[in-house]
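For reference, the structure is listed below as structure tokens.
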Amino acid sequence: MTTLATMIPHSRPSLEEADIESTVDVMRSGALAQGPVVEAFERRMAAFMRLSGGVAVASGTAALEVALRALGVGPGSEVIVPSYVCAAPWIAVQRVGATPRVVDVDPDTYAIDPASAKRGLTERTKAIIVPHLFGLPAPLTDLERLGVPLIEDCAQTLGAEEKGRGVGSVGVMTVCSFYATKLLCTGEGGMVLSRDTGLLARARALREYDESPVLDSGSANFKLTDLQAAIGLSQLDRLPLLLERRLTLAHGYRAAAEAGGLTPPVVPSGRTHVYYRFVVKVSKPDHHAERFARAGIQCRRPVFRSLHRYLGLEGFPGAEEAERTALSVPLYPSLNEQELKQILAVLGENVS
Ligand SMILES: *Cc1c(COP(=O)(O)O)cnc(C)c1O
């Protein structure tokens, strides 16, 4: 009998000795709060995303809030968010006092549906939050045509491309999350990035409460620490390798899933996938999750509950199909060979 403690977990951070050593250096320096290591992490992330700069904050949710405030989004504004995503975008919009407009997603790519986003536009729409879910870029080119500022949510996708442009480089602002099991982790953490130095200056002012020329109730203490940034910098050194490893794993998973009669992730032409999640499309996700669990593998429904269901809204066939069919199979660089063998065997098992 496999118990939860011995199961292959659905996600797990990829930590190495170098990450540990990087924090020891900060500990020895005696300066633990936001300082020069945070600044270096911001510069390196901005260079990776080919943007002018970054403002490190305490979480991805804080990054969304700061991005909205920097753009001047507040009471009386509307912001478009997709239904099939975690609650963070909706919460950030609520926290700045604006109104979230929940729209539908494409049930095959799980990305925000540009036609549904278009129907959600009003003269009060100030921004669209565009999550790149599971490692696949959203249809940025089509969303750009709607003529509303895009906030790219790169919490689950770094280094992927849509029509030759890197995710994060298209919107007016970009946010990242460095939660423990994201592509690059600092435990908790996030960043707001942009090519607009004016927006970055505003974001920088919003992240802390002190030494501001005016009292601003939108400010908070959202700072990241040097201790966390040290882990981030160390991980960033390895990010190309981590992403390459995910791609290699995904190739193997894809072949096995097809052999086993499960539909692997869709990658539309013109987009690249970095496989933050390996989400198969199946008719009975719970049934398959139990099958994996019996073999010691923890799978998950990749989104806990769609926003429209929390809110009791109707008319979201895409999000409902996604909820009915999506199952996430563990894929991350810290899986060992034995674990991989186990996962590939169950993926490839013919159950039809
Ligand atoms: C994780 C995540 C967030 C929130 O980030 P936190 O660091 O957990 O606050 C926002 N959007 C998406 C798409 C995420 O995956």
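The first residue in the sequence is number 1, and the count goes up from there. Note that ligands are numbered from 1 as they come in the structure, with each ligand's atoms numbered from 1 the same way.
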- Item | ligand 1 to Leu133 polar contact by distance, N or O atoms, under 3.5 Å | no
- Among protein heavy atoms, which lies nearest atom 9 (O) of ligand 1, and at what distance? Thr61 OG1, 2.6 Å
- Query: Salt bridge check: are Lys182 and Glu188 linked by an N-O gap of less than 4.0 Å?
  - Reply: no
- Report, as yes or no, whether the 6.0 Å neighbourhood of atom CZ on Arg238 holds more than 12 heavy atoms from other residues, nucleotides or ligands. yes
- Query: Which of the numbered atoms in ligand 1 are below 4.0 angstrom from a heavy atom of Gln156?
  - Reply: 15 (O)
- Query: Mind checking whether Tyr179 has an N or O less than 3.5 Å away from an N or O of ligand 1?
  - Reply: no
- Proximity to ligand 1 by part of Ala88, non-hydrogen separation under 4.0 Å: side chain
- Can you tell me if Cys86 has a non-hydrogen atom under 4.0 Å from ligand 1? yes
- Considering only the protein, which heavy-atom contact is closest to atom 8 (O) of ligand 1, and what is its distance? Ser177 OG, 4.0 Å
- Query: Which atoms of ligand 1 sit under 4.0 Å from any heavy atom of Ser59?
  - Reply: 7 (O), 9 (O)
- Message: Strictly below 4.0 Å, N to O, side chains only: are Arg165 and Glu144 in salt-bridge contact?
- Response: yes
- Note: Arg28-Asp25 ion pair, threshold 4.0 Å (strictly below): no
- Does Lys182 come within less than 4.0 Å of ligand 1, judged by its heavy atoms? yes
- Answer yes if the side chains of Glu78 and Thr122 hold a donor-acceptor pair under 3.5 Å, and no otherwise. yes
- Item | Atom NZ of Lys223: over 12 foreign heavy atoms under 6.0 Å | yes
- Query: More than 12 non-hydrogen atoms from neighbouring residues, nucleotides or ligands closer than 6.0 Å to CZ on Phe292, yes or no?
  - Reply: yes
- Message: Between the side chains of Glu323 and Arg305, is the shortest nitrogen-to-carboxylate-oxygen separation below 4.0 Å, so that they form an ion pair?
- Response: no
- Note on the structure: Closest to atom 13 (C) of ligand 1 among protein heavy atoms sits Asp153 OD2, 3.4 Å
- Item | Interfacing atoms of ligand 1 (cut-off 4.0 Å, heavy-atom, Gly60) | 5 (O), 6 (P), 7 (O), 9 (O)
